[in-house]
Amino acid sequence: QVQVEESGGGLVKPGESLTLSCAASGSIADIYAMGWFRDPPGKQRELVASMSKYGSTQIGDSVKGRFTISRDNARNTAFLHMTSLKMEDTAVYYCNANKRDWNNWGGGTQVTVSK
């Protein structure tokens, strides 16, 4: 089983940047993809960004051009690079690791964008 742990959340002002980290541990072999999701207040959980072991990426429409995803050399840590942050980006951000499906959720890290 894979475990993931997010870090890097915090309080930022609109227009600023922030990078979140997700460290995977346990049975990290054969992870197909890692991804970031978020729960905006009052809204359904949505995909923010994901990257497969082949390097293909998906970026959510609401963050295209502002957010990017990357992984470390061992492919066991995912990063979410957020720029030009908006107040609507305020959410709990969750990491996940996919071997067969998205069922390895982290505990989440809070990102608050406020003036």
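Throughout, residue positions are numbered sequentially from 1 according to the sequence presented.
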Notebook entry, point to check: Is there a donor-acceptor contact under 3.5 Å from the side chain of Glu6 to the main chain of Gly108?
Noted result: yes
Notebook entry, point to check: Can you name the closest pair of heavy atoms from Met51 and Ser70 and give their distance?
Noted result: CE-CA, 4.2 Å
Margin query: Using the side chain to side chain contact (heavy atoms under 4.5 Å, CB included) criterion, which residues pair with Lys115? Sequence neighbours excluded.
Written below: Pro14, Met87
Note to self: Check for me, please, whether Phe67 and Phe37 land in the same ILVMFWY cluster - side-chain distances under 4.5 Å, paths through other members count.
What the structure shows: no
Check: Less than 4.5 Å apart, any side-chain heavy atom of Met34 and any of Cys95?
Finding: yes
Next item on the list: Treating Ile, Leu, Val, Met, Phe, Trp and Tyr as nodes and any side-chain heavy-atom pair under 4.5 angstrom as an edge, say whether Val63 and Leu20 lie in one connected cluster.
Entry: yes
Item checked: Pairwise side-chain contact, Ser52 with Gln58, heavy-atom cut-off 4.5 Å (strictly under) -> no
Notebook entry, point to check: Roughly how far apart are Phe79 CZ and Thr19 OG1, rounded to 0.5 Å?
Noted result: 8.5 Å
Check: Looking at Ala24 and Val2, what are the two nearest heavy atoms and their distance?
Finding: CB-CG1, 4.2 Å
Check: Who pairs with Thr83 by side chain to side chain contact (heavy atoms under 4.5 Å, CB included), at least two apart in sequence or on another chain?
Finding: Ser17, Arg66
Notebook entry, point to check: Residues in salt bridge (charged side-chain N to carboxylate O under 4.0 Å, His left out) with Asp61, at least two apart?
Noted result: Lys64
Item checked: Ala29 versus Lys99, closest heavy-atom pair with distance -> O-CE, 2.9 Å
Margin query: Give me the atom names and distance for the closest heavy-atom approach of Ala49 to Leu80.
Written below: CB-CD1, 4.1 Å
Next item on the list: Tell me whether the guanidinium CZ or amine NZ of Arg45 lies under 6.0 angstrom from the six-membered ring centre of Trp36 and within 45° of its axis.
Entry: no
Next item on the list: Identify, with sequence neighbours excluded, every residue that meets side chain to side chain contact (heavy atoms under 4.5 Å, CB included) alongside Gln3.
Entry: Gln1, Ser25
Next item on the list: Kindly say whether Asn76 contributes a backbone atom to a donor-acceptor pair with the side chain of Asp72 at under 3.5 angstrom?
Entry: yes
Checklist line | Partners passing side chain to side chain contact (heavy atoms under 4.5 Å, CB included) against Val92 (at least two apart in sequence or in another chain) | finding: Tyr94, Gln110
Next item on the list: Step through the shown structure and confirm whether more than 12 heavy atoms of other residues, nucleotides or ligands are within 6.0 Å of CD on Glu5.
Entry: no
Notebook entry, point to check: Is there a path from Tyr93 to Leu18 through hydrophobic residues (I, L, V, M, F, W, Y) whose side chains come within less than 4.5 Å of each other?
Noted result: yes
Next item on the list: Supply the atom-to-atom distance Asn103 CG to Trp105 CH2, rounded to the nearest 0.5 angstrom.
Entry: 9.5 Å
Check: Is it the case that one hydrophobic cluster holds both Leu85 and Val48, taking links as side-chain heavy atoms less than 4.5 Å apart, direct or via other members?
Finding: yes
Margin query: Do Leu11 and Met82 sit in one hydrophobic cluster, given that two such residues count as connected whenever their side-chain heavy atoms are within less than 4.5 Å of each other, even indirectly?
Written below: no
Next item on the list: Could you tell me whether a side-chain N or O of Thr90 sits under 3.5 Å from a main-chain N or O of Thr112, the two making a donor and an acceptor?
Entry: no
Notebook entry, point to check: Hey, does Ile31 have a side-chain heavy atom less than 4.5 Å from the side chain of Asn98?
Noted result: no
Checklist line | Residue pairs involving residues 29-69 (criterion disulfide bond (SG atoms under 2.5 Å apart); sequence neighbours excluded) | finding: none
Next item on the list: Would you name the heavy atoms of Val4 and Cys22 that are closest together and state the gap between them?
Entry: CB-SG, 3.7 Å
Check: Do Arg38 and Ser62 have side-chain N/O donor and acceptor atoms under 3.5 Å apart?
Finding: yes
Check: What are the two closest non-hydrogen atoms of Asn104 and Asp101, and how far apart are they?
Finding: ND2-O, 4.4 Å
